[in-house]
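Notes follow the structure.
Labels below follow one simple rule: chain letters A, B, ... track the order of the sequence lines, proteins then strands, and each chain is numbered from 1.
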2 protein chains.
Amino acid sequence: MRLLIVEDDLVIANGLVRALGQSQYAVDHVTDGKQALRAIQDDVYDLVILDLGLPTMDGMQLLSHLRQQANPIAVLILTAREDVATRVQALDLGADDFLTKPFHLEELEARVRALIRRSKLGNNLPLQCGNLKLDVANKLASINDQPITLSAREINLLETLMMRMGKIIAKEQIMESLCNWDETLGDNAIEVYVHRLRKKIEPSGAHIRTVRGLGYMLEAAHNGV
Amino acid sequence: MRLLIVEDDLVIANGLVRALGQSQYAVDHVTDGKQALRAIQDDVYDLVILDLGLPTMDGMQLLSHLRQQANPIAVLILTAREDVATRVQALDLGADDFLTKPFHLEELEARVRALIRRSKLGNNLPLQCGNLKLDVANKLASINDQPITLSAREINLLETLMMRMGKIIAKEQIMESLCNWDETLGDNAIEVYVHRLRKKIEPSGAHIRTVRGLGYMLEAAHNGV
DNA sequence: CCTACCCTTACAGCTAACTTACGCCTTTCT
DNA sequence: AGAAAGGCGTAAGTTAGCTGTAAGGGTAGG
């Protein structure tokens with residue numbers, strides 16, 4: 001899962017980047033609306049965390065602009081102002097959630113989880129493919145309800161694949177989903193992850209199909225379970 | 001386990017904080033409804049002890065507000081008023097228990113234990129993992145019914161792990177469960193607790209698994225029970 | 001048959017977690 | 001009250017295993 005933080009206060013921004021990074025999100029950070037707009041158009045994000053008070057283009061304008069373009073990306077608004085009018089305006093413009101500073105990281109993280117879940121799944125049930133289940137909140141994968149041990153990278157990869165089960169995902173998309181701008185991985189890193197993950201989920205009836213030249217696709221095994 | 005006390009009478013509040021603190025709960029205290037709401041949204045509590053007569057937002061309003069948000073946190077109501085109407089209203093609003101002042105600390109502590117047990121476990125069975133048992137009420141751990149000596153920190157850690165057995169618990173979550181606002185622990189304090197606890201429960205068939213980068217998980221040993 | 005593209009294995013660096021030791025503080029016993 | 005004991009948290013050094021790269025072999029498509 002990949003997040004964009006739009007926040008000009010560097011103290012807050014750094015805290016968010018660190019905390020959400022520790023929660024296994026890939027996190028990018030920009031400091032004003034124009035950079036944010038460019039980032040959203042250039043890359044695929046699952047969620048934008050947006051401060052309202054920004055230079056060059058304020059958060060309301062950015063949000064309004066996105067929705068006029070019919071961009072459905074989930075947006076969580078941060079603001080120091082507590083008045084009802086602001087809140088109503090933001091929600092009317094299409095914000096998905098609203099949090100007033102000062103806030104605690106735990107609550108932010110909970111809301112982030114909820115938003116991603118809502119936007120991707122519409123529910124909080126564990127993801128399932130064949131006998132393979134993934135409990136996203138607890139970062140716990142299991143086959144026939146027997147927990148299996150996956151590393152952090154492997155869990156993130158599996159989550160990415162399961163979120164778009166049955167659809168082809170390009171290696172670049174996987175790369176973007178796992179890494180932020182700071183990181184840069186070699187050509188075949190994804191191939192290695194897929195290989196390791198395949199070995200671990202092999203007995204489950206879930207299969208990672210290679211689509212040569214295009215990417216990978218997660219599917220239930222075609223032969224009987 | 002972490003509790004929030006919402007009580008404007010400082011004499012009572014201090015008594016509760018001290019008594020429950022001695023019972024090894026992490027206890028925070030606020031004096032009105034607005035502070036309480038913010039605290040509940042910012043931090044994770046296992047139980048709220050709520051006085052009905054409060055400034056700025058009274059206990060009923062707070063409770064009603066929480067339940068409208070579908071917040072499932074356990075709430076124990078304290079009040080000086082004894083009339084049935086109040087009691088019925090509180091329980092209809094979703095209070096889990098109700099205690100009339102003046103009360104005895106022992107009874108309060110018993111109800112607190114019961115509520116936490118009910119909300120966390122859904123039953124009254126003692127916590128068990130392999131041959132390791134934990135009697136939450138008496139803060140007593142035993143292996144094959146032989147009591148073992150654990151320090152307060154160790155018992156609290158074990159309780160936290162056993163309450164979510166089989167699920168991954170992040171170090172930050174453990175930290176929150178053990179500490180209130182006043183405390184601040186260093187980076188590797190949790191690692192040291194885990195190390196000490198592991199040495200003591202090692203012979204029991206309960207195992208604390210490390211999931212690198214994500215947290216810890218309590219499980220029964222994989223070889224025969 | 002050739003060329004991308006992918007699979008597989010092996011290895012080395014690095015960071016998170018483990019382990020030990022020490023000093024402070026609280027509790028308890030005399 | 002003074003002393004002894006043990007719990008508690010920090011710091012420092014060590015270990016372990018995840019991660020990413022590289023290298024070599026295989027395969028599908030042209």
Side-chain angles (χ1 to χ4, degrees), chain A residues 18-19 21-24 26 139 141 148-161 168-202 207-218, chain B residues 18 21-26 139-141 148-161 168-180 182-202 207-218:
Chain A
R18 203 176 56 246
Q22 282 179 352
S23 296
Q24 305 301 323
K139 305 274 182 197
I148 60 176
T149 62
L150 299 180
S151 73
R153 269 277 191 259
E154 287 158 358
I155 288 191
N156 285 330
L157 171 60
L158 182 59
E159 187 179 336
T160 300
L161 290 169
I168 296 174
I169 310 176
K171 270 201 279 204
E172 299 79 42
Q173 283 181 292
I174 295 176
M175 190 79 83
E176 291 204 343
S177 180
L178 299 184
C179 303
N180 57 29
W181 291 330
D182 303 338
E183 298 178 271
T184 176
L185 272 70
D187 283 355
N188 76 334
I190 303 295
E191 295 165 21
V192 175
Y193 301 157
V194 169
H195 175 245
R196 288 173 183 156
L197 184 58
R198 272 178 176 152
K199 278 202 294 194
K200 294 194 180 180
I201 69 172
E202 196 175 307
H207 180 69
I208 301 174
R209 166 182 299 212
T210 302
V211 184
R212 195 181 175 83
L214 295 178
Y216 296 95
M217 184 173 100
L218 182 70
Chain B
R18 203 175 56 247
Q22 281 178 354
S23 295
Q24 305 303 324
Y25 295 105
K139 304 282 179 191
L140 194 62
I148 59 177
T149 62
L150 298 180
S151 73
R153 273 281 192 253
E154 287 158 0
I155 290 210
N156 286 328
L157 171 61
L158 182 59
E159 188 179 335
T160 300
L161 290 169
I168 295 175
I169 311 176
K171 270 201 280 204
E172 300 80 43
Q173 287 179 287
I174 295 175
M175 190 78 85
E176 290 215 340
S177 179
L178 299 184
C179 302
N180 61 25
D182 301 337
E183 295 180 273
T184 275
L185 271 68
D187 282 355
N188 75 335
I190 303 295
E191 294 165 21
V192 176
Y193 301 156
V194 169
H195 177 244
R196 289 171 182 157
L197 183 58
R198 271 179 177 151
K199 279 202 295 194
K200 295 192 180 179
I201 69 171
E202 196 175 307
H207 179 69
I208 301 175
R209 167 179 300 212
T210 303
V211 185
R212 193 185 174 87
L214 296 179
Y216 296 95
M217 185 173 99
L218 182 70

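Salt bridge Glu154(A)/Lys200(A): present, at least one basic N to carboxylate O contact under 4.0 Å. The pair Arg153(A)-Glu159(A) does not count as a salt bridge, with every side-chain nitrogen at least 4.0 angstrom from each carboxylate oxygen.
Remark: P of dA11(D) and OH of Tyr193(B) are 13 Å apart, rounded to the nearest angstrom. The distance between atom CG of Asn188(B) and atom C1' of dG13(D), rounded to the nearest whole Å, is 12 Å. Going from atom CD1 of Ile190(B) over to atom C1' of dA16(C) covers 15 Å, rounded to whole Å. When the P atom of dG9(D) is taken as reference, atom CG of Leu185(B) falls 5 Å away, rounded to whole Å. Nucleotide dT19(D) holds its P atom 11 Å from the CG atom of Leu157(A), rounded to whole Å. Rounded to an integer number of Å, the gap from Lys199(A) NZ to dT9(C) P is 6 Å. Atom NE2 in His195(A) sits roughly 16 Å away from atom P in dT19(D) (whole-Å rounding). Counting to the nearest Å, the C1' atom of dC18(C) and the CD atom of Glu202(B) are 14 Å from each other.
Inter-residue side-chain proximity for Gln22(A) and Glu172(B) is flagged as met; some heavy-atom pair is nearer than 4.5 Å.
Taking side-chain N and O atoms only, Ser151(B) has a distance below 4.0 Å to OP1 or OP2 of dC8(D). Between dA17(C) and Lys171(B), a contact under 4.0 Å exists linking OP1 or OP2 to a side-chain N or O. Distances shorter than 4.0 Å separate some side-chain N or O of Tyr216(A) from OP1 or OP2 on dC7(C). The phosphate of dC18(C) has OP1 or OP2 within less than 4.0 Å of a side-chain N or O from Thr210(B). Within the structure, a side-chain polar atom (N or O) of Arg153(B) is placed less than 4.0 Å from OP1 or OP2 of dG9(D).
At the heavy-atom level, Val192(B) lies under 4.0 Å from base atoms of the strands shown. Looking at heavy-atom distances under 4.0 Å, Arg212(B) makes contact with a base. Arg196(A) comes within 4.0 angstrom of a base, heavy atoms only. Contact annotation for Asp187(B): no contact, since no heavy-atom pair falls under 4.0 Å across all strands. Counting non-hydrogen atoms under 4.0 angstrom, Thr149(A) reaches nothing in the nucleic acid.
Comparing Glu191(B) and Lys200(A) by the nucleotide of DNA chain D whose heavy atom lies nearest to each, the residue mapping closer to the 5' end is Glu191(B). Mapping Glu183(B) and Glu154(A) onto DNA chain D by nearest heavy atom places Glu183(B) closer to the 5' end of the strand.
A cation-pi arrangement is not found for Lys199(B) relative to Tyr193(B), the charged atom failing to lie both closer than 6.0 Å to the ring centre and inside a 45° cone about the ring normal.
Counted within 6.0 Å of CZ on Arg198(A), heavy atoms from surrounding residues, nucleotides or ligands total more than 12; the atom is thus considered enclosed.
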